[in-house]
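Comments concern the structure below.
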Amino acid sequence: MITRCPTINFASGDRSLQQHSTSTATDTMKVKIKKWNAVATWRWDIPEDDVCGICQVHFDGTCPACKYPGDDCSLCKFGILDWWLWTSRIADSSTVSGKCGHNFHMHCILEWIKQDSAKGQCPMCRQKFEWVDQQNEDAEGQSAPDQDSA
Amino acid sequence: MAPGAQFAAKRLGKELTKISKGLPAGIVLVQGDNFEEWLLDIQVLDSNPLYMGQTYRLKFKFGSSYPIEPPEVVFVKLPDRPIPIHPHIYSNGIICLDLLGQQGWSPVQNVESVCMSLQSMLTGNTKNERPPGDEEFVRGNRLRPKDIDFYYHDNNV
């Protein structure tokens, strides 16, 4: 995660800075921002204490198969990525989460669902595990439980 | 370490952390210093005369595919740890419980939830008997519990 703060370059240089530190409140320092870097953080739109039921790791962490969250662990989470769209033989659309409302790391649920004994069922509720179709969801304005944006 | 084994180890590490913060009443971790085999003691807390005052030793064996595949769970007989009498528990400690088989297992189950299921399996039982065919099974069985094809027919106990 990037945690750099915005960088401000003072147009008037060090001298005016020094002046500012000794000046009164009525004086104003002229500052011209020449460059700034925006920083954003993100997290999954699911309850904060929710962990992946399979690996027991928080969704802000990676699944045990990966080292880094985010782009380097691109398959770890449902949604956002079109990885599923391009590679999946199970679903033919971008996916976010199970229709039953249960969330898992992408790697974790894939490990489970490929087992014959899983019978295609959600490990939590044993309903048929169906991936939420993000595109349809957007088109119809519907939102799945716990997941309406990712 | 194979990728799968690492998955299992990380998951078991998570479980150990949670266990170190406390287990439900009647469940004690006796040994959990590796990611292959753990020992736990369980007790039935109500006044069921079949199990009152007894402590039972459970052995969990985890494969590299845990928790995608179930752990192997058996009761272990020690001088002070008998095998609980139950129509689904063989006298060699092997347990016939769908939850522990390929068909009934779910990867959201864990050591704690399995122990609690076994506690409640004992609590709810009133039959002072072994499974049918116990003697022959115990004499003849050379299979590991996970390779035995149990037929889960009884939903009452």
Side-chain angles (χ1 to χ4, degrees), chain A residues 44 46-69 72-78 90 97-131 145-146, chain B residues 1-23 29 32 35-36 38 60 62-72 97-117 145-152 155:
Chain A
W44 300 97
I46 46 178
E48 263 187 57
D49 55 351
D50 203 2
V51 297
C52 170
I54 297 175
C55 67
Q56 310 278 335
V57 177
H58 195 274
F59 288 106
D60 288 343
T62 67
C63 73
C66 296
K67 278 186 180 169
Y68 307 105
D72 292 327
C73 181
S74 59
L75 315 187
C76 275
K77 311 280 167 51
F78 282 20
I90 303 168
S97 183
K99 280 185 182 170
C100 56
H102 294 121
N103 307 295
F104 303 95
H105 287 118
M106 178 72 94
H107 275 149
C108 297
I109 192 66
L110 284 178
E111 278 299 312
W112 169 243
I113 236 66
K114 74 183 185 191
Q115 303 279 310
D116 287 341
S117 55
K119 295 184 218 117
Q121 293 170 344
C122 170
M124 285 285 190
C125 62
R126 297 209 170 271
Q127 292 183 67
K128 189 166 182 274
F129 197 85
E130 295 182 279
W131 314 85
D146 299 337
Chain B
M1 197 185 274
Q6 199 180 356
F7 196 111
K10 284 193 178 176
R11 157 73 185 251
L12 286 165
K14 284 274 168 191
E15 288 194 47
L16 269 185
T17 308
K18 188 161 176 269
I19 284 173
S20 70
K21 291 173 189 158
L23 276 166
L29 179 69
F35 296 136
E36 278 130 45
W38 290 6
F60 282 71
F62 308 100
S64 59
S65 300
Y66 179 80
I68 298 300
E69 288 185 12
E72 182 181 299
L97 179 64
D98 64 345
L99 170 71
L100 296 172
Q102 293 286 354
Q103 298 306 309
W105 175 254
S106 157
V108 298
Q109 297 285 355
N110 54 51
V111 172
E112 181 184 316
S113 70
V114 168
C115 287
M116 289 172 75
S117 296
K146 63 183 293 190
D147 297 327
I148 302 167
D149 199 8
F150 286 116
Y151 171 57
Y152 307 107
N155 295 320

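Just so we're on the same page: letters track the sequence lines, and every chain starts at 1. This structure is a prediction, so every number in the text was calculated from the model and none was measured.
In this structure, the portions of Val57(A) lying under 4.5 Å from any heavy atom of chain B include both its backbone and its side chain. Using a 4.5 Å cut-off between heavy atoms, Gln115(A) contacts chain B through its side chain alone, with no backbone atom that close.
The interface of residues 106-116 of chain B with chain A, defined by heavy-atom distances below 4.5 Å, comprises Ser106(B), Pro107(B), Val108(B), Asn110(B).
Not a single donor-acceptor pair under 3.5 Å links the side chain of Arg11(B) to the backbone N or O of Gln56(A).
Going from atom NE2 of His107(A) over to atom CZ of Phe7(B) covers 9.5 Å, rounded to the nearest 0.5 Å.
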Expected list for residues 116-125 of chain A: side-chain donor-acceptor pairs under 3.5 angstrom, two or more places apart:
| residue | atom | partner | partner atom | Å |
| --- | --- | --- | --- | --- |
| Gln121(A) | OE1 | Arg126(A) | NH1 | 3.2 |

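Put simply, the side chain of Pro67(B) does not reach to within 4.5 Å of the side chain of Trp112(A), judged on heavy atoms.
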